[in-house]
Every structure is written in structure tokens, then in C-alpha cells.
Amino acid sequence: MGNHTTVSSFLLWGFSSFPDLQGPLFAMIFFSHMTILAANVSIMVAIKLSHNLHTPMYFFLCALSFSETCATMAIIPRMLADLLSDSKTISLPECAMQMFFFFGLAANNCFIMAAMSYDRYTAIHNPLHYPILMTHKVCFQFITASWMLGFLVSLCIIIIVFNLSFCDSNIIEHFFCDISPVVCLACDYTFHQKMAIFVLSAFVLVGSFVFIMMSYVFIVSTVVKMPSAQGRYKAFSTCSSHLTVVCIHYGFSGFVYLRPKDRDSFREDMLMAVTYTVLTPLLNPIVYSLRNKEMQMALRKVLGKTDRLIPQMVNKRKLNT
């Protein structure tokens, strides 16, 4: 922390501008959060229990589901508590921790999606050598590198932001400790610090997005050369879910973090933030399950086992009593 910081806590103003909507917002976000947890956990369990899904594509999907679940846990529980509480204060260390985990996990999501695009390129461009090129060890190395790089970038941002001096207002016009609303409260936020944060954000968003688009350029160039129409359809269908999620994720994130900021844009950014902290993690498992027959079959098996397991547990409890 900077030596000149006089503010010891922040006020997360967030949805306080809409006092009449606190109840409906709580109900909507709580239901969405429970659905996110249930959907992502179902995907992870389905992949774990279905041996036919023990492939690199589903390994990355499982890692993405876990990362997104953790990212929502960094934001939504606090958001729900603030909707019910009159006191919406958050200490400086708590704010730093929330920002660190959210942006570390968000960056991790970007890098995992980049790894998924490389996996699809390898599977389509070099199918004969695919099992050799994408081994479990290589997949694990991709995931480890994504986590390490994501949290390293997040740590750099945290060091820049929380070495600033906060000596004016302590009201954050957001429902969580986002970068722009926090640095806007600083007294000594310079152009160099602004550019450093922008470069780090661009490295994560633009860098991974360019890598994904390059992978898909090579994928398309390979697919169009396939002689069979059925082969082309199958190749494109394996990429459609991933491409849909990429468009949703990068569309909202890029709009919030890469465009010029001013104080008048905070409310607009806050509404967009609801989309990428609540709606995007909700849509991702839906997209993957609706557009993937293998995942649908695996989820049905898991749900079928759950339906059989619950009555068995109830009967055992009755016998024990």
C-alpha cells in the first residue's frame, strides 16, 4: 500500500442507486448464482464420471468451468450480502484481495480459452498426431501456465492500483472492486500508471483473442480443403460451442476494459459488469450442453444416477432410524 493512503475502507455504492430494486435484484442474482454453481458442477462431475469425455477438449472445459465457478464466488456472495445490508463498506485489504482473485481468474479464463482453440486446431489440422501432441501432461502444463500467468498479471495490476494514494472520496461506484472505479478515487493516478494497466489488460484480452482468431483462421483454412461435406460439418460443429463462448466473453470484457473511461461511464460499466459476472458464467455451461451431444448424454447419466441415489439414501436413513 502507498504511504500516503488516508482512506482505510471503501463504500461499494453499486446498486444503492436503485433502492426499490434491492429485493428483486437479490432474488434474481441468488437464483442465477445457484444455477451457475449447479450447471458448472454438473459439467465437472459429468466429465469426471464419463470415460468417453476424458479427452483434452473436455479437460479444458472442466478447467474452465472450475475457474468460472471460482470467479463468481469472488464477486457474487459479497454482492448478495451487500444487497441485504445497510453497511456496504469493504476494507482496503479486502478490496485488494477481491480484485486480485477476480482478475486472476478472469485472465485464467482467457488463457484457457486460448488453449482450447489450440487444441481444436491440433485436432483438426493434425488428427493422426493429435494423441501424441495433446497428452495429459501437455494439457496439465497448459492449465498450470494459464493459472500462473493469469495471477501474475493480476498481481501486477494490484501492485499498481494499491500503491496509489486514496485521499478523496471513498465511494466506489460499483458493486465490486473493479479497476476503473477504484483508480478514479486516487489522488496520484498518472498517465504512466494508466498505460501500464491498459497494457496488462490488453495483453490478457487482445493477446489471447488474437491467438484464438489465428487458430480459427488456420482451422477454417484446413476445413474448407476437406473433400467431405460431412467431415467439414463435423469439424465446424466441434468448434461452434467454443467460438460462441469466446464471442460472448470477449465482447463484454473488451467493451468494459479496453474502451476509454470517464466518470459518466461507470453506471454503464456496472450494468455491463452484471452481464459478465452473472450472465456469461450462466450461459457458458448452457451453450456447451445444448450444442454438444456427448455432453448431453453424460449429463443425463449423471442426473439419472442422482435420481437413483437420492431415494436410496432416504431409504437407508429410514432403516437406520
### Message
If hydrophobic clusters are built by linking Ile, Leu, Val, Met, Phe, Trp and Tyr wherever their side-chain heavy atoms come under 4.5 Å apart, do Val199 and Phe191 end up in the same one?
### Response
no
### Message
Using the rule that Ile, Leu, Val, Met, Phe, Trp and Tyr join whenever any side-chain heavy atoms are under 4.5 Å apart, tell me whether Ile159 and Ile179 fall into a single cluster.
### Response
yes
### Query
Do other residues, nucleotides or ligands put more than 12 heavy atoms under 6.0 Å from the CZ atom of Phe218?
no
### Spatial distance of atom CZ (Phe66) from atom CG (Leu105) [nearest 0.5 Å]
8.5 Å
### Query
How about His249 and Phe209: are their ring centroids closer than 6.0 Å?
no
#### Entry: Pairwise side-chain contact, Ile43 with Cys62, heavy-atom cut-off 4.5 Å (strictly under)
no
### Query
Does any non-hydrogen side-chain atom of Phe176 lie less than 4.5 Å from one of Gln98?
yes
### Message
Nearest 0.5 Å, please: how far is CG in Asn170 from OG in Ser8?
### Response
8.0 Å
### Query
Do Phe166 and Asp188 come within less than 4.5 Å of each other through their side chains, counting heavy atoms only?
no
### Query
Do Phe100 and Met148 share a hydrophobic cluster (ILVMFWY, side-chain heavy atoms under 4.5 Å, transitive)?
no
### Query
Within the distance-only criterion (no hydrogens, no angle test), does the side chain of Ser32 pair as donor or acceptor with the backbone N or O of Met28 below 3.5 angstrom?
yes
### Task
Answer yes if the side chains of Tyr250 and Ser208 hold a donor-acceptor pair under 3.5 Å, and no otherwise.
yes
### Query
Relative to each other, are the rings of Tyr121 and Tyr118 parallel, tilted or perpendicular (30° and 60° limits)?
tilted
### Summary
When every non-hydrogen atom of Leu37 is compared with those of Met73, the smallest separation belongs to CD2-SD, 4.1 Å
### Query
Glu68 and Ser65: side-chain donor and acceptor closer than 3.5 Å?
no
### Query
More than 12 non-hydrogen atoms from neighbouring residues, nucleotides or ligands closer than 6.0 Å to NE2 on His136, yes or no?
no
### Task
Could you tell me whether the side chains of Tyr130 and Asp119 share a donor-acceptor contact shorter than 3.5 Å?
yes
## Note on the structure
Residues Val278 and Met79: closest non-hydrogen pair is CG2-CE, 4.5 Å
### Query
If only atom types and distance count, is the side chain of Ser50 paired as donor or acceptor with the main-chain N or O of Asn52 below 3.5 Å?
no
### Query
Just checking, any donor-acceptor pair under 3.5 angstrom between side chains of Gln141 and Thr144?
no
## Note on the structure
OG1 (Thr69) and CD1 (Ile36) are apart, to the nearest 0.5 Å, by 8.5 Å
#### Entry: Neighbour count above 12 (heavy atom, 6.0 Å) for Phe30 CZ
no
### Task
Show your working on side chain to side chain contact (heavy atoms under 4.5 Å, CB included) between His125 and Ile219 and close with a plain yes or no.
CA-CA 7 Å; His125 183 260; Ile219 286 170; over 6 Å; no
### Task
Step by step, work out the side chain to side chain contact (heavy atoms under 4.5 Å, CB included) result for Ser215 and Arg120.
CA-CA 8 Å; Ser215 298; Arg120 290 298 83 209; over 6 Å; no
### Task
Look only at the side chain of His242 and the backbone of Met113, and say whether a donor-acceptor pair between them is shorter than 3.5 Å.
yes
### Query
Are Gln193 and Thr190 close enough that some pair of their side-chain heavy atoms sits under 4.5 Å apart?
yes
### Minimum heavy-atom distance Asn40-Pro285, with the two atoms named
OD1-CG, 4.1 Å
### Query
Counting only heavy atoms not in Met226, do more than 12 fall under 6.0 Å of its CE?
yes
### Query
At their closest point, which heavy atom of Leu53 faces which heavy atom of Ala46, and how far apart are they?
CD1-O, 4.0 Å
### Student check: side-chain heavy atoms of Phe10 and Thr89 closer than 4.5 Å
no
#### Entry: Leu283 CG to Thr244 OG1 distance, which is reported to the nearest 0.5 Å
10.5 Å
### Message
Let me confirm one number: the CZ-CD1 distance from Phe60 to Ile47, rounded to the nearest 0.5 Å.
### Response
12.0 Å
### Within-4.5 Å side-chain heavy-atom neighbours: His33 and Thr72
yes
### Query
Between OG of Ser117 and CG of Leu243, what distance do you get to the nearest 0.5 Å?
10.0 Å
### Task
Identify whether Met134 and Ile132 are in the same connected component of the hydrophobic contact network (ILVMFWY, side-chain heavy atoms under 4.5 Å).
no
### Query
Between Leu200 and Val153, what is the shortest heavy-atom contact and its length?
O-CG1, 4.0 Å
### Message
Classify the ring geometry of Trp147 against Phe151: parallel below 30°, tilted from 30° to 60°, perpendicular beyond 60°.
### Response
parallel
### Query
Do Leu152 and Ile112 share a hydrophobic cluster, counting only Ile, Leu, Val, Met, Phe, Trp and Tyr and linking them when any side-chain heavy atoms are less than 4.5 Å apart?
no
### Query
Please walk me through it: do Phe101 and Met97 pass side chain to side chain contact (heavy atoms under 4.5 Å, CB included)?
CA-CA 6 Å; Phe101 280 108; Met97 289 297 288; 3.2 Å; yes
## Note on the structure
On a heavy-atom basis, the closest approach of Ile160 and Ala196 is CD1-CB, 3.8 Å
### Message
So Ile172 and Cys95, do their side chains get closer than 4.5 Å, heavy atoms only?
### Response
yes
### Backbone N/O of Val138 and side chain of Thr135: donor-acceptor pair under 3.5 Å
yes
### Query
Given the rule in the side chain to side chain contact (heavy atoms under 4.5 Å, CB included) test, do Leu279 and Ile248 qualify, once you have shown the distances and angles that lead to the verdict?
CA-CA 10 Å; Leu279 187 61; Ile248 294 169; over 6 Å; no
### Query
Hey, does the side chain of Asn126 reach the backbone of Thr122 with a donor-acceptor pair shorter than 3.5 angstrom?
no
### Query
Do Leu11 and Ile90 come within less than 4.5 Å of each other through their side chains, counting heavy atoms only?
no
